[in-house]
2 protein chains.
Amino acid sequence: MTETLTHPTALAVGDDVADLLFRTARTTSLWTDAEVSDDELRAAWDLAKFGPTAMNILPLRVLAVRSDEAKARLVPHMADGNKAKVEAAPVSLVLAADPAFHEHLDTLFPIYPGMKDQLAPAVEAREAMARKNALIQAGYLMVGIRAAGLAAGPMDGMDNDGVDAEFFASSGWKSFMVINVGHADGEGSPYPRGPRLAFEQVAEIL
Amino acid sequence: MTETLTHPTALAVGDDVADLLFRTARTTSLWTDAEVSDDELRAAWDLAKFGPTAMNILPLRVLAVRSDEAKARLVPHMADGNKAKVEAAPVSLVLAADPAFHEHLDTLFPIYPGMKDQLAPAVEAREAMARKNALIQAGYLMVGIRAAGLAAGPMDGMDNDGVDAEFFASSGWKSFMVINVGHADGEGSPYPRGPRLAFEQVAEIL
């Protein structure tokens with residue numbers, strides 16, 4: 001009799017890690033009272049920052065909204081279904097892309113010294129590069145948050161232009177999502193986990 | 001005497017895991033002769049699939065290009081600097097976004113049964129949702145590849161329209177990057193690691 005193996009290939013990480021980062025981690029909306037320290041947020045970034053980006057441009061920027069005053073500025077720009085989630089979360093991270101990432105390229109991408117000046121006039125290209133790579137970094141950060149012992153509740157529904165006008169008028173950062181962060185109460189979610197697509201449903205091998 | 005601590009907050013994963021997934025992992029271009037099995041690719045997906053997406057839409061699709069015949073179809077559409085990298089890699093994953101993700105929503109997002117039909121006519125919105133969430137999933141997959149014991153060499157430079165015409169004319173998938181995958185030879189890279197931006201350079205706390 002043939003058994004179907006759930007994980008036929010040995011992973012390079014233990015089951016506890018695979019569970020913590022992926023398999024049992026949940027989009028969290030139920031939090032304990034524990035606060036999130038600056039050091040905990042820094043620990044998440046200090047992992048996520050190593051994830052690769054094109055030309056090492058690292059365009060992801062993070063506004064951590066923790067104080068009541070800052071929450072009161074963010075909440076009106078969230079979709080109705082997300083307002084209470086921001087209010088309930090210990091901290092809400094506004095993820096944004098920085099189209100001025102090229103200012104750092106002499107440091108970040110020293111093997112091509114002219115790249116900073118070459119990109120300076122290419123405003124549209126920079127905006128597209130910033131958004132694309134910041135979104136990939138959002139994936140790294142989600143894992144980094146969990147690896148730092150925190151739980152994440154990502155949300156899409158928001159008025160990005162409103163958030164940008166409220167918080168990023170001078171920096172020019174472009175918001176694209178919010179991740180609520182804290183310590184999960186129990187499983188962190190009142191809902192059953194949604195199904196996923198199997199490898200055969202998403203992949204083709206040639 | 002005060003010491004500066006590199007990792008002031010205890011992580012929820014061990015140093016070996018933090019190194020494997022982030023801190024010492026490198027964008028790889030040097031590979032051993034070891035092949036990459038279907039099961040290894042499936043193991044990477046079986047972690048990455050659990051990363052959250054908006055409405056659980058899971059729009060990331062993967063074309064794994066492994067045979068000489070398939071490589072010969074992909075290489076001409078890569079930027080000149082990336083052609084040899086595709087030829088050298090045990091397998092090259094073409095990552096793509098599927099604007100027809102809504103076809104799966106009755107299964108993936110059962111709490112809102114009308115979403116599939118509601119999104120059907122919204123072609124532009126579906127393309128934007130697919131691209132945004134597939135990019136976030138690319139970040140999950142990069143970590144999943146490493147957690148499966150493989151190394152990743154992501155690349156941006158390619159003719160996406162050319163790739164889409166060559167491989168995705170019938171599916172409508174939209175390619176956005178390639179990740180070379182295999183087993184790293186040594187560090188996997190002939191270059192020193194690029195610097196990263198510190199938390200204080202990317203984050204603001206309010």
Side-chain angles (χ1 to χ4, degrees), chain A residues 7-9 11-13 17-18 20-23 25 27 38-43 45-52 54 56 58 60-67 70 104 107-109 132 135-140 142-144 146-149 154 156 194-197 199 202-206, chain B residues 7-9 11-13 17-18 20-23 25 27 38-43 45-52 54 56 58 60-67 70 104 107-109 132 135-140 142-144 146-149 154 156 194-197 199 202-206:
Chain A
H7 305 293
T9 298
L11 295 172
V13 300
V17 169
L20 176 80
L21 302 183
F22 289 107
R23 298 192 307 215
T27 289
D38 293 7
D39 280 349
E40 286 177 302
L41 296 176
R42 185 180 292 107
W45 172 250
D46 279 342
L47 294 176
K49 70 182 179 185
F50 289 114
N56 198 32
L58 289 164
L60 179 65
R61 302 293 180 266
V62 179
L63 176 69
V65 174
R66 190 167 50 192
S67 68
H104 295 283
T107 304
L108 296 178
F109 199 58
K132 178 175 185 174
L135 282 163
I136 298 171
Q137 286 187 280
Y140 304 146
M142 208 90 68
V143 181
R146 292 167 173 177
D156 229 13
R196 295 299 194 269
L197 296 174
F199 182 68
V202 303
E204 190 182 349
I205 301 179
L206 292 181
Chain B
H7 305 292
T9 299
L11 296 172
V13 300
V17 169
L20 176 80
L21 301 183
F22 290 108
R23 298 192 308 215
T27 289
D38 293 7
D39 280 348
E40 287 177 301
L41 296 177
R42 185 180 291 107
W45 172 251
D46 278 341
L47 295 176
K49 71 182 179 185
F50 289 113
N56 198 33
L58 290 164
L60 180 65
R61 302 291 179 268
V62 178
L63 175 69
V65 174
R66 189 167 52 191
S67 68
H104 296 283
T107 305
L108 296 178
F109 199 58
K132 179 176 185 174
L135 282 163
I136 297 171
Q137 286 186 281
Y140 304 146
M142 208 91 67
V143 181
R146 291 167 173 176
D156 229 12
R196 294 299 194 267
L197 296 174
F199 182 68
V202 303
E204 192 182 348
I205 301 178
L206 292 182

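Nothing here was measured: the structure is a model prediction, and the numbers come from that model. Numbers restart at 1 for each chain; the letters A, B, ... are given by sequence-line order, proteins then strands.
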With side chain to side chain contact (heavy atoms under 4.5 Å, CB included) as the criterion, how do Ile205(B) and Asp38(A) come out once you've worked through the C-alpha distance, each side chain's angles and the decisive distance to 0.1 Å? CA-CA 8 Å; Ile205(B) 301 178; Asp38(A) 293 7; 3.4 Å; yes
Looking at every heavy atom in both [X] and [Y], which two are closest together, and how far apart are they?
X         : Y         : result
Tyr140(B) : Met142(A) : OH-CE, 3.1 Å
Pro154(A) : Pro52(B)  : CG-CG, 3.7 Å
Asp156(B) : Ala54(A)  : OD2-CB, 3.6 Å
Ala148(A) : Leu11(B)  : CA-CD2, 4.0 Å
Ala18(A)  : Leu47(B)  : CB-CD2, 3.7 Å
Lys49(B)  : Arg196(A) : O-NE, 2.7 Å

Among the options [options], pick out the one with the most heavy-atom pairs lying under 4.5 Å from chain A.
options                                 : value
Leu41(B), Leu20(B), Thr27(B), Asn56(B)  : Asn56(B)
Val143(B), Val65(B), Leu58(B), Val17(B) : Leu58(B)
Leu60(B), Val13(B), Val62(B)            : Val62(B)

Let's test your reading of the structure: which of [options] forms the most heavy-atom pairs below 4.5 Å with chain B?
options                                   : answer
His104(A), Glu204(A), Gln137(A), Arg66(A) : Glu204(A)
Gly144(A), Ala147(A), Gly194(A)           : Ala147(A)
Ala25(A), Gly51(A), Pro195(A), Ala203(A)  : Pro195(A)

Would Leu197(A) and Arg61(B) satisfy side chain to side chain contact (heavy atoms under 4.5 Å, CB included), going step by step from the backbone distance to the final call? CA-CA 10 Å; Leu197(A) 296 174; Arg61(B) 302 291 179 268; 3.9 Å; yes
Report the C-alpha distance between Leu206(B) and Leu63(A) in whole Å, list the side-chain angles of each, state the deciding distance to 0.1 Å, and finish with yes or no for side chain to side chain contact (heavy atoms under 4.5 Å, CB included). CA-CA 7 Å; Leu206(B) 292 182; Leu63(A) 176 69; 3.7 Å; yes
Apply side chain to side chain contact (heavy atoms under 4.5 Å, CB included) to residues Leu135(B) and Lys132(A) and explain how you reach the verdict. CA-CA 7 Å; Leu135(B) 282 163; Lys132(A) 178 175 185 174; 3.7 Å; yes
Expected output: side-chain Asp46(A) to main-chain Phe199(B) donor-acceptor under 3.5 Å: no
